[in-house]
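Here the structure comes first, spelled out in structure tokens, and everything after it is commentary.
Note on naming: letters A, B, ... go to the chains in the order of the sequence lines (proteins, then strands), and numbering restarts at 1 for each one. Quantities reported herein were computed from a predicted structural model and do not represent experimental measurements.
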Number of protein chains: 2
Amino acid sequence: MSEKPPAPSAGLRRDMEILEVLAGHGDDRDADGFGVSWIAQRLDREKSQVSRALRALELEGMVERDALTRRYRLGWRLFALAARTQHARLVNVAAPFLRGLALAFDEDAYLCVLRGTHVVTLVSVPSSRAYHRVWEGVSVPVTMAAAGRSLLVDWQEEHVRQLLGAALPSGLDSAVSSAEKWLADLAHVRSEGYVVSDVELDDSVAGVSSPVRDHRGLIVAAINVSVTRAAAPERLREMGTRLAGVARDMSAALGLRPGMDRVGGVGRPD
Amino acid sequence: MSEKPPAPSAGLRRDMEILEVLAGHGDDRDADGFGVSWIAQRLDREKSQVSRALRALELEGMVERDALTRRYRLGWRLFALAARTQHARLVNVAAPFLRGLALAFDEDAYLCVLRGTHVVTLVSVPSSRAYHRVWEGVSVPVTMAAAGRSLLVDWQEEHVRQLLGAALPSGLDSAVSSAEKWLADLAHVRSEGYVVSDVELDDSVAGVSSPVRDHRGLIVAAINVSVTRAAAPERLREMGTRLAGVARDMSAALGLRPGMDRVGGVGRPD
DNA sequence: TGTTTTGTTGCGATAGTCGCATCTAAATTT
DNA sequence: AAATTTAGATGCGACTATCGCAACAAAACA
């Protein structure tokens, strides 16, 4: 809208854009990286700018350059930093539980966290049955994931409505009914410890989800398993209770003592 | 040396320093992050600078701020980017093999890669026996790790000597003998597929290491297991051959076809 | 409530970056 | 192998975002 809004931290933004391009959409076979010109064109920036930025990023280890093809890809430093993330601990703790679930049901198992209004998948453990899509780092709106239900359980109804109001197309009957459905799902998590939702990204797949709490009793993640939409109700119930049990165990592994959960009235932190 | 050498990409450097501080030494209980002033003091920079930089980084998701304590920590974006790294694939492929090893020997199992003159540990799978130190993302000089031997197997002797000359204190007898020991270790990897080294960081522990190759036959990583130094020779030999076998399997999982390995004369890529 | 510490913001001077053109080095073609 | 094309690096002036000081606001502390 504006002619030239002064851009603070333009350098960082540029660098992040570059990293994002290098990250690719993932499922491509862009494994051997990208060249300077290609990136420059994709970002609609000067080659020189990209060239210099990439050199700086390489110096910091954020990207690395293939010695032969001279193409750039994401660097080891990202890995090292990510390993120090809060999330890393979560992943380490979660991994065995997720594997157990994947084995028990032979379905994909996921660990998700809430980030703003989106659900980010931190790890996914594949089942044996089908090709496994890489979900790590992928972020979807809360409304679109079963995990969203688990992650918002502690929110006050009012805040949930606000969020849904912003996320769902307003004024539609479907939106209203969706909101009611949502609140019902939350109640189900509270009473049963899990929720089944068919509002997943992939059409043929529904999700079962259960919240995980840390030592303070705050919800820090959700564990989920996918399930074919046609699954029998009793199977869903069985999976749900089992999942809730695993979530409880994982919470304990994070230091939650029994009775500390269900911290009431924890509002939206933003 | 110079009065004021113009600093290109000063912003990036600052950001990286901040991220590095937030990464902490890891094993501390700095889990709840750091405040602006603390970081500024630690980096000997202006508070204002750090404050603004952190806000920008937060906007990009590289750091996040605890809503209550107002302290910063590393953000989810790092996780998302790291998941798209070359290394991430490696880790995914390696995980089951490492678990197998950790289970079979009840020793810690590691996956390492070469980065410049250092060995970076990407994953470590703990044994059941002792407290497990967090190694992920930790980098040590090639000379200090058993994995170093595996990772340099394809280098020409001349290049290895160069590296050792730079890394080891020069002119000492010990250095010369170390170099010879090194080359002998490399030969051992070539003939037996593994190497045992007692020049580990931790004094009480030695390491067994074996190289992993990708579809092109290039060495991309090393898998290792720790072992108490007092282990019997036949146990070491058994572990070594087993490790070499697992390394071969993992290489195959990365697309290496039999006969493609041992690409001769692959020099130092820098 | 008063005081100290921690974090944010306004503003001029400084210094790094942008983008164009130029130049070098690979990759391709003939 | 020489010529052509494409990819990537670099020098340089104009521009503009950042630095750092200091004042301000907001927590935390007492």
Side-chain angles (χ1 to χ4, degrees), chain A residues 2-19 21-22 24 30-60 62-75 267 269-270, chain B residues 1-19 21-22 24 30-60 62-75 216 267 269-270:
Chain A
S2 49
E3 190 66 354
K4 202 134 199 213
S9 62
L12 177 61
R13 162 134 272 135
R14 168 178 43 64
D15 292 345
M16 293 304 300
E17 284 179 9
I18 290 177
L19 291 178
V21 169
L22 289 180
D30 37 34
D32 37 303
F34 303 95
V36 172
S37 296
W38 197 90
I39 300 174
Q41 185 179 336
R42 203 166 190 307
L43 294 179
D44 198 31
R45 288 175 180 275
E46 273 295 317
K47 278 190 309 179
S48 58
Q49 204 182 137
V50 175
S51 173
R52 289 191 257 244
L54 278 169
R55 182 189 315 152
L57 286 169
E58 186 185 22
L59 228 150
E60 300 292 346
M62 298 294 279
V63 305
E64 49 197 28
R65 172 174 245 181
D66 190 294
L68 280 100
T69 67
R70 291 169 58 82
R71 286 155 179 266
Y72 286 99
R73 46 172 92 138
L74 297 179
D270 57 341
Chain B
M1 284 308 151
S2 50
E3 190 66 355
K4 202 132 199 215
S9 62
L12 178 59
R13 160 134 273 135
R14 168 179 42 66
D15 292 345
M16 292 305 300
E17 284 179 9
I18 291 178
L19 290 179
V21 169
L22 289 180
D30 37 35
D32 38 302
F34 304 95
V36 172
S37 296
W38 197 90
I39 299 173
Q41 185 178 337
R42 205 170 188 304
L43 294 178
D44 198 30
R45 288 175 180 274
E46 273 295 316
K47 279 189 309 180
S48 60
Q49 205 181 138
V50 175
S51 173
R52 289 192 257 244
L54 278 169
R55 172 166 351 131
L57 286 169
E58 186 185 21
L59 227 150
E60 300 292 346
M62 298 295 277
V63 304
E64 49 197 29
R65 174 175 242 181
D66 191 293
L68 280 100
T69 68
R70 292 168 59 81
R71 285 156 179 267
Y72 285 99
R73 48 173 85 143
L74 296 179
R216 298 174 298 184
D270 58 342

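- Each of A/G35 and A/S9 has a nearest nucleotide on DNA chain D; the 5'-most of these lies closest to A/G35.
- Here C/dG19 is the nucleotide among C/dT6, D/dC19, C/dG19 with the atom lying nearest to any side-chain atom of A/Q49.
- In this structure, the CG atom of A/L54 is 10 Å from the P atom of D/dG8, given to the nearest Å.
- In this entry the distance linking CZ of B/R45 with P of D/dC21 reads 13 Å, nearest Å.
- Expressed to the nearest 0.5 Å, how far CZ of A/F34 lies from CG of A/L74 amounts to 9.0 Å.
- Rounded to whole Å, atom P of C/dG7 lies 12 Å from atom CH2 of B/W38.
- Remark: B/R70 engages no residue in a salt bridge (Lys or Arg N to Asp or Glu O under 4.0 Å) (not counting sequence neighbours).
- One atom, CG of B/D44, and another, P of D/dC19, lie 14 Å apart when rounded to the nearest Å.
- For the pair B/D66 CG and C/dT6 P, the computed distance is 17 Å after rounding to whole Å.
- Within the 4.5 Å cutoff, the side chain of A/S37 has no heavy atoms near those of the A/Q41 side chain.
- Here the CG-CG distance, from A/L59 to A/L54, works out to 12.0 Å after rounding to the nearest 0.5 Å.
- Proximity of B/S37 to the phosphate of C/dG7: a side-chain N or O atom is located under 4.0 Å from OP1 or OP2.
- With rounding to the nearest 0.5 angstrom, the CZ atom of A/R45 is 7.0 Å from the CD1 atom of A/I18.
- Rounded to whole Å, the distance from CZ on B/R70 to P on D/dC29 is 13 Å.
- When the side-chain nitrogen and oxygen atoms of A/R14 are compared with OP1 and OP2 of C/dC18, one or more of them lie within a distance under 4.0 Å.
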Which atom pairs link the protein and nucleotides 20-25 of chain C when you take only N or O atoms and keep those under 3.5 Å?
from	atom 1	to	atom 2	distance (Å)
C/dC20	OP2	A/E46	OE2	3.0

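- Where B/R65 and A/G11 each meet DNA chain C at their nearest nucleotide, the meeting point lying more 5' is that of B/R65.
- Distance B/I39 CD1 to C/dT6 P: 13 Å, rounded to the nearest Å.
- Summarising the geometry, the separation between CD on A/Q41 and C1' on D/dT6 is reported as 12 Å, rounded to the nearest angstrom.
- Distance check, rounded to the nearest 0.5 Å: CG of B/L12 to CE of A/M62 gives 7.5 Å.
- With rounding to the nearest 0.5 angstrom, the CG atom of A/D44 is 10.0 Å from the CD atom of A/E17.
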